[in-house]
Amino acid sequence: CSLSVTDINLNSPNKGLLSDAMTDVPVDSAAAGRTSVPEGLTLAEEEELRSELAKVEEEIGTLRQVLAAKERHCGELKRKLGLTPLDGLKQNLSKSWHDVQVSNAYVKTSEKLGEWNDKVTQSDFYKKTQETLSQAGQKTSAALSNVGSVISRKLGDMSSYSIRHSISMPAMRNSATFKSFEDRVGTIKSRVVGSRENSTDGLHSPSGAGDKPPQDNAPF
């Protein structure tokens with residue numbers, strides 16, 4: 001029988017009729033699971049390949065189970081030996097680096113880099129550049145050495161001047177000129193102090209007015 005649009009619509013009141021009609025249709029499970037035969041293969045060859053595929057998948061599952069058990073056993077042994085995951089990582093990296101070093105690609109690359117290095121170091125441009133850098137380094141060292149010598153000489157002059165100055169001060173104090181100047185300053189100071197004391201005594205003396213004789217007033 002033919003199906004109308006109303007039978008396919010899920011909101012239709014006849015949607016239950018469609019499911020009932022479909023349950024009555026027999027379904028061949030083998031035909032549903034089988035895909036179309038690839039070109040160039042017979043039905044018997046397809047069945048053989050499918051059987052071999054099932055066996056290989058079963059072996060893969062078994063090997064995975066065995067590998068998981070081996071890994072658990074390996075982890076237990078490492079734990080008993082006190083090995084940490086970091087130690088295993090270091091060991092794996094070391095082994096990987098060793099494998100890289102002994103590989104053909106690494107050996108060839110090392111040889112090629114060695115050849116390039118020889119060519120570069122033996123080239124005229126490299127030699128000229130090396131000589132230029134060497135001369136520049138020598139000039140820089142000489143300039144720095146000169147600057148250091150100048151600074152050392154300046155520091156030496158300053159220290160010698162300080163020593164001479166410290167030595168000349170006592171000698172100058174003991175010289176006749178300095179003593180004569182010091183004596184003159186002392187004399188002037190004593191005169192100034194003495195004159196100040198005399199003036200102060202004259203102003204504050206109580207007998208200053210009584211010692212003078214009285215003047216007689218002559219009558220006109």
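Here, residue 1 is the first one in the sequence, and each next residue gets the next number. No experiment lies behind these values; they were computed from the predicted model shown. Scope of the values below: all heavy atoms of this structure, side chains included, with no hydrogens, waters or symmetry mates.
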Distance, nearest 0.5 Å, that separates [atom1] of [X] from [atom2] of [Y]:
{"X": "Glu47", "Y": "Leu41", "atom1": "CD", "atom2": "CG", "answer": "11.5 Å"}
{"X": "Asn92", "Y": "Lys90", "atom1": "CG", "atom2": "NZ", "answer": "12.5 Å"}
{"X": "Ser149", "Y": "Leu144", "atom1": "OG", "atom2": "CG", "answer": "10.5 Å"}
{"X": "Glu131", "Y": "Lys127", "atom1": "CD", "atom2": "NZ", "answer": "9.0 Å"}
{"X": "Asn117", "Y": "Lys119", "atom1": "CG", "atom2": "NZ", "answer": "12.0 Å"}
{"X": "Asp124", "Y": "Thr129", "atom1": "CG", "atom2": "OG1", "answer": "10.5 Å"}

Please check if the side chain of [X] supplies one atom and the backbone of [Y] the other of a donor-acceptor pair under 3.5 Å.
{"X": "Ser51", "Y": "Glu48", "value": "no"}
{"X": "Ser141", "Y": "Gly137", "value": "yes"}
{"X": "Ser152", "Y": "Gly148", "value": "yes"}

Discussion item. Among residues at least two apart in sequence or on other chains, which ones pass salt bridge (Lys or Arg N to Asp or Glu O under 4.0 Å) with Lys154?
Written reply: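 So Lys154 forms no salt bridge (Lys or Arg N to Asp or Glu O under 4.0 Å) with any residue.
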
Worksheet entry | Residues forming a side-chain hydrogen bond (donor to acceptor under 3.5 Å, both in side chains) with Thr84, sequence neighbours excluded |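 For Thr84 the side-chain hydrogen bond (donor to acceptor under 3.5 Å, both in side chains) partners, ignoring immediate neighbours, are Asp87.
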
Item to complete: Under the side-chain hydrogen bond (donor to acceptor under 3.5 Å, both in side chains) rule, collect the residues that match up with Asp99, sequence neighbours excluded.
Response: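 Residues passing side-chain hydrogen bond (donor to acceptor under 3.5 Å, both in side chains) with Asp99: Lys95.
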
Worksheet item: Mind checking whether Glu46 and Arg50 have side chains closer than 4.5 Å, heavy atoms only?
Response: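 Yes; the side chains approach each other to less than 4.5 Å.
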
Worksheet item: Does the side chain of Leu63 come within less than 4.5 Å of Leu67's, by heavy atoms?
Response: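 No, too far: nothing below the 4.5 Å cut-off.
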
Fill in: Other ILVMFWY residues reachable from Trp116 by side-chain steps of under 4.5 Å
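Answer for Trp116: Leu113.
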
Item to complete: Please go through Tyr106's hydrophobic cluster and name the other residues, only I, L, V, M, F, W, Y counting, with side-chain heavy atoms under 4.5 Å joining them.
Response: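 Members besides Tyr106, by chain and number: Trp97, Val100.
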
Practice prompt. Quick one: closest heavy-atom pair of Val107 and Gln101, and the distance?
Written response: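 For Val107 and Gln101, the tightest heavy-atom pair comes out as CG2-O, 3.8 Å.
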
Worksheet item: Going by the salt bridge (charged side-chain N to carboxylate O under 4.0 Å, His left out) test, which pairs reach into residues 52-77, not counting sequence neighbours?
Response: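 Listed once each, the pairs would be none.
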
